[in-house]
Each structure stands twice: as C-alpha cells, then as structure tokens.
Participant: 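Got a structure here, written out as structure tokens. Questions coming.
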Amino acid sequence: MLDIKQIRENPESIEAGLLKRGNVDYGIGKLIALDKERRDLLQMADDLKKLRNDASREIGAKKKAGENTDEAQARVKETGEKIKSHDDRIKEIDSEVRQILFNIPNVPDESVPEGADENANVEIRKFGEIPKFDFVPKPHHELGEALGILDFKRAAKLSGARFVLYKGAGALLERALINFMLDMHINEHGYTEVAPPYMVSAETMTGTGQLPKFADDLFKIEGRDLWLIPTAETPVTNIYAGEILNGDDLPLKMVAYTPCFRSEAGSYGRDTTGLIRQHQFNKVELVKITKPEDSINELEKLTSNAEEVLKRLQLPYRVVTLCSGDLGFSAAKTYDIEVWVPSQNTYREISSCSTFVDYQARRMGMRFRREAKGKPEFPHTINGSGLAVGRTVVAILENMQEADGSVRVPAALSPYMGGLDKIVM
RNA sequence: GGAGAGGUGGCCGAGUGGCCGAAGGCGCUCCCCUGCUAAGGGAGUAUACCGCAAGGUAUCGAGGGUUCGAAUCCCUCCCUCUCCGCCA
C-alpha cells in the first residue's frame, strides 16, 4: 500500500512512477478527491464531538447538583445524530479509499529498467558453463519417469493435473535439497529457521498483497477464512504484522521451508508437462525485515545467498533485473535468478528476489522504532526463493544427465543423500 | 464435539455508566544523589488522524446497539486458556 500522504502531496511523481508499469488508471484522481472530502468531514465531526463531550460532562455535573437537564439532553442528542451521519459517510469513504489503495501496485524503484514485458528484462550476470552433450538431452520428466523417481500418471490419478509423486531417490533428492538449502542459509548466511502455518487468513494474505487482487491464484478452504499459502513469504513476512519492532533487532533474517500451493488459473497450456508448473511445490524462502536505508544492500545480499545454492550445485544460471512492466504487484525491484534448462534450451526462473520497500509493512501495520523514544517507522521487507525445490530438481536431472539416462548427484548434495553420487535405473 | 473462564498500554494488573487514555507495579529513558556492584529520590514513557500551532478527535479483542454520555450495560462474531470426549 502506498502512503496516502505522499499521494496527496506528490500525485504527479507517484503517477509518473506507476506509469512505468503501463498505462493503467489506478484512480489516483478519485482517491485525492475522496481524501479531501474525508478530511473535511472529519474536521466537522471532530468539532461536533468536542461539543458533545463538553455538553455531556456538564449534564453529568448538573445531574449531580440535582438540576433539570432535559433540554440540554435533547440538544446533545441532536448533535449526536449529526455526528452519526458524518461518521457513516467517513466510514463509507474509508472503505472506498482502502479499496483503491489496496489495488494500486508499488512504485518501481528508480534503478528498475523501463519496459513493457519480460523481453525488456536486463541480464546483469551469468555463472557457470552451459553443458554440451554429445547426445540429445532428455527433458527431466522423461528422465525421472525412466529412472522411476517421478510418477506424473499416478499423481494425476490421486489429484489431477499439475501434481507429482516422488519415489525412491526422487523423494530423497527433494528432501536432501530442502535440508541442504536450509543448512546453508542457517549456518553460513545467518538466517533463523521458522516453520510457519501453511494456511493463513485473508488478513494475512492482504498484508503481503496476494489479496484482494489475486484471489483467483489461490486455493481457499471451503467455508472457512483459511487460504493455502502460495509462498512462505506470506506467513513469514506477516509474523510481526501489527507490531512495533526494536530497531536494534533489525535486520531480521528468516528462512522457511514450506510447500506452496497455486491454482495456476490463467496459465492453461503453459508448462503442462513436468515439474515446472505444479499446483503444489516445495520452496525454501528467505525473508528479511530491514531499516529503509539498508534495503537495497540487503536485497543484493539475499540474491547472492540464493545464487550460492546454484553455485554449490554447479548449475549454470543468470541473474536478470525485471523491467517495470514485468515487476510483481507489490515489488519495487526484483532480481530473477534463472537456471539453465537444457531440454528447453533456455534459462527458467528458479528464484525471484524482491524488495517491497515499505509497501507491505504499511499494509500489515508493521513498524520499528530506532530509539526508545523515537517515532515508529515502517521497515522494508525483502524476500526471495532460496530456492524453488521442484525446479532445482529439474535443473539437476537435466544438466547432470548422462548418455545412459543416469544422473550425477552434485558433490555438495551427496552427503545429504547418504553418499549417493549417481541416480541410476 | 460438551462444559467453564477470560481478552485493558512493552509486560503484569486495577477499573461495572460521567471527574478514565485509563490506578498501581514491572520494564525502559533522562536527571539528582551516591560513587566505580547494589540501593535511594525526581521526571518522563501507547498509537493513529486533523491542524502552521495552540489544541482537538478516536482507540480498553472486532462489529453493532442502548444512553445526553460506554473500558464499564445489551447483541453478534473472533481469539486465548482450563476440564471432559476424540485424535496425529
């Protein structure tokens, strides 16, 4: 959520910033008009309330003194009715304002390149050699099915499309990756592990920006205010929602493994085969809560923490800066880490690292205080996958495949798989 | 699922219709005294909004109602805890 004060004082610069995302009318003009009306009404209502408070106090005193107060009471009652009508209108405006505000995306950071869509994203660095095969590399789902470690057919029998059943070394690989990633971020990068709920309330979903706008992308529990998380970002970033943090405790660095659930509405026909796009997938997520002045630097560090996983696994990748048109709703700046996928002869997103500046903190009412007597301020929130586990499996299977259909286990991962160094038939 | 208790400021905890944004305590900040640990004295210490300011308004789980006036009374909802049942 953007700051209404900033919109009020600087509508042009906010609109210019939003324009970088595309030419969409977010209702800023209407917002400003409503805000003006609201403040005028509030002033009137407050004055009337002062009148009522004073009068009521007098009535109390008179009653104690045994005087008649019928007339005074009637007058105050009238004032009360006026107050009510003002308050009702204010409430109405509030909800309109909130609705507009909740549906305005974040303003892109100045350093974000301008562009309409993913074609304008800017590659900023590359790591690793793209593997050369002297045979035609197979897609991961063929390898996985042949090795007996991935079973899409039976998963479909259980749950329908976009689910997978991991078996044997496949299930072990998934589990090993989760532990490998967690251990690295905890022990080497200084993150604190948290294990949050996988179902959260609408309020929590609103805090990070999934609701109200993106309900179609989520799974909801029928008849209850519970939604399946599409990413650990949602529960973890919201941990301190509504609280005032101690500035000395910042930055908070948390890492969480959770499954993620996405309806994938609107992605019919895309990535229909294999592990790339599933309704349920595992992810290790990094979340930071920082002081405003540290957020860009902490985003850089978080991104390199995620990259480190791919380096250790010897998987080739590149990092791109998302252009303004490709930026997520709540994000001010995003680096995508993309891993090489041989069967598609391209890089595919495996992590998305973003700073939301104060946008999420304001939505969820999370603040911090620099000094004991200081004013509360909004911290910045940052998150990124470290990494998406299913897509890491894709990358390992495809990049590490041999001519005979076996798959090498990266040396760094082997200890997590009981010393296994090759997955064979 | 059944029965009961409760939700007040950073924390504990008083408050059952007006003088209560809220006693007292703890914690924290500053000052004094003392002097290098401890103890004592004083002042301060919620948040948001409106306003140049003075100041004003709102908030005692949430929402609604009664009343001239609600932390206090009524209704609905949410959450927490205890006991019983069931259960990973």
Side-chain angles (χ1 to χ4, degrees), chain A residues 1-9 31-102 195-207 211-212 220-221 223-227 235 238-250 252 259 289 358 361-379:
Chain A
M1 177 164 71
L2 299 178
D3 185 357
I4 183 75
K5 261 190 238 165
Q6 267 181 26
I7 296 176
R8 187 188 299 151
E9 285 160 17
L31 186 65
I32 289 171
L34 284 170
D35 178 58
K36 173 84 175 96
E37 187 187 351
R38 196 192 91 97
R39 284 188 299 155
D40 290 345
L41 282 169
L42 197 64
Q43 194 58 58
M44 285 191 269
D46 279 3
D47 290 346
L48 289 172
K49 281 175 187 173
K50 162 123 179 80
L51 212 70
R52 179 179 66 184
N53 287 347
D54 291 345
S56 292
R57 208 164 295 137
E58 262 175 60
I59 290 170
K62 280 189 182 165
K63 279 202 164 168
K64 224 164 241 177
E67 295 174 37
N68 183 292
T69 58
D70 291 352
E71 198 212 332
Q73 287 189 21
R75 241 182 306 130
V76 177
K77 186 165 189 152
E78 220 172 285
T79 309
E81 280 154 15
K82 270 189 231 163
I83 291 171
K84 178 123 176 52
S85 92
H86 283 150
D87 277 352
D88 286 349
R89 176 62 188 146
I90 289 169
K91 219 175 272 176
E92 224 174 86
I93 294 174
D94 275 346
S95 89
E96 282 181 69
V97 163
R98 224 185 357 261
Q99 204 191 328
I100 295 172
L101 228 37
F102 274 162
Y198 304 157
M199 290 185 259
V200 301
S201 66
E203 191 185 351
T204 300
M205 283 291 184
T206 305
L211 289 179
K220 185 180 192 309
I221 303 298
R224 309 206 39 177
D225 179 29
L226 285 174
W227 304 68
N238 274 287
I239 288 175
Y240 300 104
E243 299 189 28
I244 300 178
L245 299 164
N246 183 344
D248 296 338
D249 296 337
L250 302 184
L252 292 175
I289 297 168
D358 57 1
R362 183 174 293 109
R363 270 173 100 105
M364 67 179 73
M366 170 170 63
R367 288 165 299 170
F368 79 100
R369 223 191 287 269
R370 281 175 200 276
E371 286 149 23
K373 284 188 176 174
K375 273 263 152 209
E377 302 172 51
F378 291 110

Participant: Which value, rounded to the nearest 0.5 Å, describes the distance between Met366(A) atom CE and Asp358(A) atom CG?
Facilitator: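 The CG atom of Asp358(A) is 10.5 Å from CE of Met366(A), to the nearest 0.5 Å.
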
Participant: Could you check how far CD1 of Ile244(A) sits from P of A48(B), rounded to whole Å?
Facilitator: 7 Å

Participant: Between atom CG in Asn53(A) and atom C1' in G17(B), what is the gap in whole Å?
Facilitator: 15 Å

Participant: Between G18(B) atom P and Asp54(A) atom CG, what is the distance in whole Å?
Facilitator: 18 Å

Participant: In whole angstrom, what separates Asp40(A)'s CG from C49(B)'s C1'?
Facilitator: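 Spelled out: CG on Asp40(A) to C1' on C49(B) is 14 Å.
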
Participant: Any salt bridge between Glu377(A) and Arg370(A), counting N to O under 4.0 Å?
Facilitator: yes

Participant: Would you mind checking if Asp40(A) and Arg89(A) are paired as a salt bridge, meaning a charged N to carboxylate O distance below 4.0 Å?
Facilitator: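 No.
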
Participant: Please classify the nucleic acid contact of Asp47(A) as base, sugar-phosphate, or nothing, using heavy-atom distances under 4.0 Å.
Facilitator: nothing

Participant: Mind checking who A38(B) pairs with, Watson-Crick or G-U wobble, both distances under 3.5 Å?
Facilitator: none

Participant: According to the Watson-Crick and G-U wobble definitions, with both distances under 3.5 Å, which nucleotide is paired to C33(B)?
Facilitator: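 Pairing partner, where one exists within any strand: none, as none qualifies.
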
Participant: If every non-hydrogen atom of Ile239(A) is compared with every non-hydrogen atom of Glu243(A), which pair is closest and at what distance?
Facilitator: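 Residues Ile239(A) and Glu243(A), closest heavy atoms: O-OE2, 3.8 Å.
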
Participant: Could you let me know what G10(B) is paired to, Watson-Crick or G-U wobble, both distances under 3.5 Å, or none if it's on its own?
Facilitator: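 Looking at the geometry, G10(B) pairs with C26(B).
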
Participant: So if I take every side-chain heavy atom of Lys375(A) and compare against A48(B), C68(B), A46(B), which nucleotide ends up nearest?
Facilitator: A48(B)

Participant: At what distance, to the nearest 0.5 angstrom, does CE of Met364(A) lie from CZ of Phe378(A)?
Facilitator: 11.0 Å

Participant: Which distance, rounded to the nearest 0.5 Å, do you find between the CD of Glu81(A) and the CG of Leu48(A)?
Facilitator: 12.0 Å

Participant: Tell me, yes or no, whether the heavy-atom count around Gln99(A) atom CD, taken from other residues, nucleotides or ligands under 6.0 Å, exceeds 12.
Facilitator: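 Not buried by this count: 12 neighbours or fewer within 6.0 Å.
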
Participant: Calculate, to the nearest 0.5 Å, the distance between atoms CG and CZ belonging to Asp248(A) and Phe368(A) respectively.
Facilitator: 10.5 Å

Participant: Which nucleotide, if any, forms a Watson-Crick or G-U wobble pair with A62(B), using both distances under 3.5 Å?
Facilitator: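 Paired with A62(B), as far as the under-3.5 Å criterion goes, is U76(B).
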
Participant: Report each atom pair, protein N/O against N/O of nucleotides 50-52 of chain B, whose distance is under 3.5 angstrom.
Facilitator:
{"residue": "C50(B)", "atom": "OP1", "partner": "Arg8(A)", "partner atom": "NH1", "Å": "3.1"}
{"residue": "C50(B)", "atom": "OP1", "partner": "Arg8(A)", "partner atom": "NH2", "Å": "3.0"}
{"residue": "C50(B)", "atom": "O2'", "partner": "Gln43(A)", "partner atom": "OE1", "Å": "2.3"}
{"residue": "G51(B)", "atom": "OP1", "partner": "Arg39(A)", "partner atom": "NH1", "Å": "3.2"}

Participant: Between P on U29(B) and CG on Asn246(A), what's the gap in Å once rounded to a whole number?
Facilitator: 11 Å

Participant: Mind checking who C87(B) pairs with, Watson-Crick or G-U wobble, both distances under 3.5 Å?
Facilitator: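 Answer to the pairing question: none, since C87(B) forms no Watson-Crick or G-U pair.
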
Participant: In whole Å, what separates the C1' atom of G40(B) from that of G13(B)?
Facilitator: 26 Å

Participant: Expressed in whole Å, how much space separates the C1' atoms belonging to U47(B) and U8(B)?
Facilitator: 15 Å

Participant: With nearest nucleotides of RNA chain B determined for Arg52(A) and Ala45(A) from heavy-atom distances, which residue corresponds to the more 5′ nucleotide?
Facilitator: Ala45(A)

Participant: May I ask you to say whether Asp54(A) pairs ionically with Lys50(A), meaning some side-chain N is under 4.0 Å from a carboxylate O?
Facilitator: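 Yes, Asp54(A) and Lys50(A) are salt-bridged.
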
Participant: When rounded to the nearest Å, what value does the distance between P atoms of G42(B) and G24(B) take?
Facilitator: 13 Å

Participant: Looking across every strand, which nucleic acid part, if any, lies under 4.0 Å from Lys62(A) by heavy atom: base, sugar-phosphate, or nothing?
Facilitator: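 The residue Lys62(A) makes no contact with any strand.
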
Participant: Using Watson-Crick or G-U wobble geometry with both distances below 3.5 Å, tell me the partner of U82(B), or none.
Facilitator: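 Check on U82(B): paired to A3(B), both distances under 3.5 Å.
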
Participant: Drop me the distance from Glu67(A)'s CD to Thr69(A)'s OG1, to the nearest 0.5 angstrom.
Facilitator: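 The distance works out to 9.0 Å.
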
Participant: Please report the distance separating the C1' of C12(B) from the corresponding atom of C60(B), rounded so that it comes out in whole Å.
Facilitator: 16 Å

Participant: Work out how far the P atom of C19(B) is from that of G56(B), and round it to whole angstrom.
Facilitator: 15 Å

Participant: Provide, to the nearest angstrom, the distance between the CD atom belonging to Glu203(A) and the C1' atom belonging to G63(B).
Facilitator: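 After rounding, the gap between these two atoms is 14 Å.
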
Participant: Please compare Ala61(A) and Ala72(A) by the position of their nearest nucleotide in RNA chain B and report the one closer to 5'.
Facilitator: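 First, find each residue's nearest nucleotide; the 5'-ward one identifies Ala61(A).
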
Participant: In residues 74-95 of chain A, which residues come under 4.0 Å of RNA chain B by heavy atom?
Facilitator: Val76(A), Lys77(A), Lys84(A), Lys91(A)

Participant: G10(B) P sits how many Å from Asp249(A) CG, rounded?
Facilitator: 16 Å

Participant: Write down the atom of Gly207(A), the atom of Asn238(A), and the distance for their closest heavy-atom approach.
Facilitator: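 Minimum heavy-atom separation between Gly207(A) and Asn238(A): CA-OD1, 3.8 Å.
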
Participant: Distance between the P atoms of G15(B) and A23(B), in whole angstroms?
Facilitator: 14 Å

Participant: Who is the Watson-Crick or G-U wobble partner of A70(B), with both distances under 3.5 Å?
Facilitator: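 With both distances under 3.5 Å required, A70(B) matches none.
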
Participant: Would you tabulate the nitrogen or oxygen pairs shorter than 3.5 Å linking the protein to nucleotides 60-62 of chain B?
Facilitator:
none

Participant: According to the Watson-Crick and G-U wobble definitions, with both distances under 3.5 Å, which nucleotide is paired to C49(B)?
Facilitator: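 By the stated definition (distances under 3.5 Å), G56(B) pairs with C49(B).
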
Participant: With rounding to the closest Å, how many angstrom separate the C1' atoms on U72(B) and U67(B)?
Facilitator: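 Their C1' atoms lie roughly 13 Å apart.
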
Participant: Before accepting this row, confirm whether a basic side-chain N of the pair Lys91(A)/Asp87(A) lies closer than 4.0 Å to the acidic partner's carboxylate O.
Facilitator: no

Participant: How many angstroms lie between CG in Asp35(A) and CZ in Arg8(A), if you round to the nearest 0.5 Å?
Facilitator: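 The distance works out to 4.0 Å.
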
Participant: In this structure, are over 12 heavy atoms from other groups packed under 6.0 Å from Glu9(A) atom CD?
Facilitator: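 Enclosed: over 12 neighbouring heavy atoms sit under 6.0 Å from CD of Glu9(A).
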
Participant: Rounded to whole angstrom units, what separation is found between the NZ atom of Lys49(A) and the P atom of C68(B)?
Facilitator: 18 Å

Participant: For nucleotides G63(B) and C78(B), find the distance between their C1' atoms and express it as a whole number of Å.
Facilitator: 10 Å

